[in-house]
Amino acid sequence: MNDRQPNALMLQHNRQRRKISDKIWRALFLISCVLSALMIVLIIIFIAVKGIRVFLPGYEYGQQNFWDFLTGMTWRQDSKTYGVGFIVINTFTTAAFAALLSFPVATLTALFIVKIAPERLRVAFTTVIELLAAIPSVVYGVFASGAITKLVQQLAAFFGQTSAAGISALSVILLLAIMIFPTICSMAIVAIQAVGKSLEWGSLALGASQTQTNFKVVLSAAKSGIFAGLVLGLGRAFGEATAVTMVAGNAMSGPSWNLFDTTRTLTTTMLSGMHETSGLDYDIRFSAGLVLMAVILLTNALIHLIKRKIGGVDHE
Amino acid sequence: MNKSRRLKDGILNGLTWLSTAVAVAVLLLVFIFMFRRGWSDLSWDLITTDYWPQNLNVAFRQGEAGAYTAPADLAAGDSFSTLYGFALRDATDTKKAKTLIITYVDPDSPLESAYITTAGSQQGLNQAIHEDASVQMLYYQDEDGQQVLAGLLAGDDAASLVQKLDTGSVSIQSMYYQTAGGGIRGSILATLLLIGLTLVIVLPIGILAAVYLNEVAGRNRLTALLRQAIETLNGVPSIIFGLSGVVMLFPVTQLFGASGQSILLGALTMAVILLPVVIRQTEEALIVVPQSLRMGSLALGATRSQTIFKVVLPNALPGILTATLLSVSRVIGESAALIYTMSTVVTDNPKILQPATSLAVQIWQIMSSEQPDFKLASAVSLIILMMVLLLNLTVKLITRRLSRRWA
């Protein structure tokens with residue numbers, strides 16, 4: 001048989017083999033994709049099943065009352081009292097205060113970077129913002145427990161308050177404000193960049209100054225993206241665990257409106273004081289996780305809603 | 001433009017300048033803080049020594065007395081032995097017990113010629129005694145050829161021990177001491193294992209899924225739904241991944257013989273966290289490959305999968321590289337998910353199916369102990385910080401190259 005001219009049979013055989021391998025690969029592509037997409041569903045199911053089990057009759061370590069869990073204002077491992085009500089309130093208030101501090105600064109910084117800064121500074125600052133977002137949570141945590149708590153301690157002394165070595169709600173707020181800054185800022189940068197030039201020119205042609213245009217036209221045209229960034233930042237703040245746990249102090253009851261008091265958020269509850277990997281004290285962390293999951297999914301839904309409802313003119 | 005308008009504009013502009021200044025100042029503060037706290041503790045010893053202190057019996061190959069001079073920077077309270085070339089200091093350990101810490105060893109000192117005499121696999125190995133080791137007791141030979149005991153067990157403090165050695169001894173015979181410990185060698189190994197395993201799991205799945213979304217799937221609602229589901233993973237906090245990893249992925253590791261938390265479980269969890277990252281990065285690289293390349297390949301008679309593997313994917317390599325680097329950076333920095341899945345028990349000999357800590361988790365472990373060693377935590381943080389920033393800057397360079405490629 002001549003090597004260079006394979007007969008028709010072999011050609012057909014080859015083609016068939018290629019067809020089969022093509023089919024196998026296509027199946028593999030599909031399986032990988034479906035597997036990846038299934039992950040979020042599986043995560044929700046598994047956490048829900050494990051988190052709800054605690055409230056069902058027949059739970060081996062003693063059934064818990066679901067209503068007491070949701071509205072309880074005390075969380076004590078020693079007396080097996082698990083109430084997540086004040087923890088949810090703490091989680092929301094610390095995140096909200098952090099966003100209150102971070103949002104204006106982040107938005108103005110984004111405006112500066114896109115519209116005001118000279119070209120060279122712009123590239124440098126964008127890089128800086130991206131790097132800030134990449135710093136691991138645990139590094140921020142070490143920074144917070146070394147620097148922020150010291151600052152808070154001095155503040156507390158100045159106001160004549162006591163604080164547990166700076167471990168307090170205020171430390172959590174300051175830390176979160178720093179940590180969500182890059183999220184809000186980079187979303188704002190993207191939103192401001194997307195504003196069409198024609199809007200700006202129109203405003204300038206009507207006699208507005210460049211600054212008036214920036215603040216009144218550009219910012220309001222980009223507002224849906226900017227607010228979506230704010231909500232995304234809030235989501236980050238709700239879910240931030242390691243760093244927050246280092247400075248939160250795990251108050252056993254609450255909510256307390258004194259910023260120098262210790263606090264407890266959903267994530268610190270899940271992370272701290274973990275000794276065993278079975279029993280009620282371990283399983284109830286999944287229930288707290290379920291509450292956190294619900295909060296996060298609500299936040300995600302809110303982002304979609306904002307993008308659709310607030311509108312703005314940014315997306316052509 | 002009138003005066004009040006100009007004033008208002010100036011104030012508003014000034015505000016944006018001020019905000020940016022605040023942001024940059026905070027970043028600088030984080031950096032300066034980390035460097036100032038961590039830099040002094042950063043050393044080769046930290047990286048190469050074990051975490052757990054080890055008690056060792058050693059003898060000396062060349063134990064004879066010599067003549068050494070004290071270093072110029074010897075601390076005031078330290079006692080220097082001129083016959084054997086090392087310095088001792090009185091100290092108390094974490095359990096408040098008295099110890100004798102070696103603070104300086106001359107490069108030619110007999111201490112450098114020590115070898116292990118403790119029975120076991122390490123017997124006979126050279127084990128030079130380094131700074132920060134704590135001396136329990138030692139035997140030396142006096143001028144009459146008698147063996148004499150010295151050290152904590154003989155009631156010595158640093159000064160009296162050195163005094164004994166320098167006035168009546170001919171050679172040192174053997175020593176019982178504790179190595180310094182507190183190093184991060186084990187965690188570095190565990191982190192490397194974790195990175196390797198995670199990439200092996202996430203890269204194939206992520207790349208195949210991205211290929212499906214971009215090359216195979218039709219533009220229909222099912223595809224949009226799949227995409228949406230993968231995107232949603234992005235917003236899930238890492239502690240949730242940790243929780244679900246314990247219940248959802250633990251059975252998978254059981255198939256390989258794990259009996260609890262393990263590096264493998266950590267890697268599987270990290271793989272789930274990184275799926276959206278890898279898929280997104282690969283897809284972005286696939287999108288910019290020109291359609292004409294695919295058409296050409298198909299026209300020459302190649303099948304779809306041949307086209308994908310021989311034409312499209314090679315052109316998307318930079319994107320896959322970016323995905324890999326970003327993944328490595330995330331694995332290095334991740335803590336919350338790994339605290340649940342890999343445990344907080346530092347080990348010096350990490351095994352894939354055993355609990356271990358990555359560098360980030362070791363920081364957490366240090367910080368959540370009763371008396372945190374803040375300087376050590378800062379030093380390890382500094383290592384992590386530098387690695388993560390370096391990886392991210394590299395990614396930035398690659399993406400800039402990539403965007404120029406088809407332009």
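In terms of heavy-atom pairs under 4.5 Å with chain B, the best-connected choice from A:V128, A:L132, A:L35, A:L30 is A:L30. For chain B, the option among A:E240, A:R236, A:M293, A:K50 with the highest count of heavy-atom pairs below 4.5 Å is A:M293. With chain B as the partner, the residue from A:T299, A:I303, A:I40 showing the most heavy-atom pairs under 4.5 Å is A:I40. Note on A:F181, A:F238, A:F215: by heavy-atom pairs under 4.5 Å with chain B, the leading option is A:F215. Ranking A:I31, A:I43, A:L111 against chain B, the residue ahead of the rest is A:I43, based on heavy-atom pairs under 4.5 Å.
Heavy-atom distances place both the backbone and the side chain of A:F143 under 4.5 Å from chain B. Only the side chain of B:V246 comes within contact range of chain A, with at least one heavy atom under 4.5 Å from a heavy atom of that chain. Interface residue A:L42: backbone and side-chain heavy atoms are both found under 4.5 Å from chain B. Contact annotation for B:V211: only side-chain heavy atoms (C-beta onward) come within less than 4.5 Å of a heavy atom of chain A. Using a 4.5 Å cut-off between heavy atoms, B:L15 touches chain A through backbone and side chain atoms alike. In this structure, the portions of B:S335 lying under 4.5 Å from any heavy atom of chain A include both its backbone and its side chain. Heavy atoms of B:S368 lying under 4.5 Å from chain A are absent altogether. In this structure, the portions of B:M248 lying under 4.5 Å from any heavy atom of chain A include both its backbone and its side chain. Using a 4.5 Å cut-off between heavy atoms, B:V24 contacts chain A through its side chain alone, with no backbone atom that close. Contacts between A:A241 and chain B at a heavy-atom distance below 4.5 Å involve the side chain alone, from C-beta outward. For a residue to count as touching a neighbouring chain, one of its non-hydrogen atoms must lie under 4.5 Å from one of that chain's; by this rule B:N234 touches chain A with the backbone only. Contacts of B:L389 with chain A are made by both backbone and side-chain atoms, with heavy-atom separations under 4.5 Å. Residue B:E334 does not touch chain A at all, counting heavy-atom pairs closer than 4.5 Å. At a 4.5 Å heavy-atom cutoff, B:A21 makes no contact with chain A through either its backbone or its side chain. With a threshold of 4.5 angstrom between heavy atoms, A:L131 approaches chain B through its backbone and through its side chain. The contact between B:V272 and chain A is made entirely by side chain atoms (from C-beta outward), counting heavy-atom distances below 4.5 Å. Both the backbone and the side chain of A:F286 come within contact range of chain B, with heavy atoms under 4.5 Å apart. For B:I332, no part lies under 4.5 angstrom from a heavy atom of chain A. Neither the backbone nor the side chain of B:L382 comes within contact range of chain A; no heavy atom of the residue lies under 4.5 Å from a heavy atom of that chain. Proximity to chain B is absent for every atom of A:S102, based on heavy atoms less than 4.5 angstrom apart.
Here the CZ-CZ distance, from B:R280 to B:R227, works out to 10.0 Å after rounding to the nearest 0.5 Å.
A side-chain donor-acceptor contact under 3.5 Å links A:T265 and A:T267. Between A:T213 and A:S203, the side chains place a donor N or O and an acceptor N or O closer than 3.5 Å (distance only, hydrogens not considered). With hydrogens and angles left out, the side-chain atoms of A:T211 and A:N214 include no donor and acceptor closer than 3.5 Å.
Within residues 15-24 of chain A, the residues approaching chain B closer than 4.5 Å by heavy atoms are, in numerical order, A:R18, A:S21, A:D22.
Between B:W17 and A:F112, the two ring planes are perpendicular [angle over 60°; tilted spans 30° to 60°].
A side-chain contact (heavy atoms from CB on, under 4.5 Å) with A:L266 is found for one member of A:V291, A:L290, A:L271 and no other, namely A:V291.
Between the side chain of B:T357 and the backbone N or O of B:Q362 there is no donor-acceptor pair closer than 3.5 Å. The closest donor-acceptor contact from the side chain of B:T191 to the backbone of B:L359 lies under 3.5 Å.
In this structure, A:V247 and A:I148 have side chains that are not in contact, with every pair of non-hydrogen atoms separated by 4.5 Å or more.
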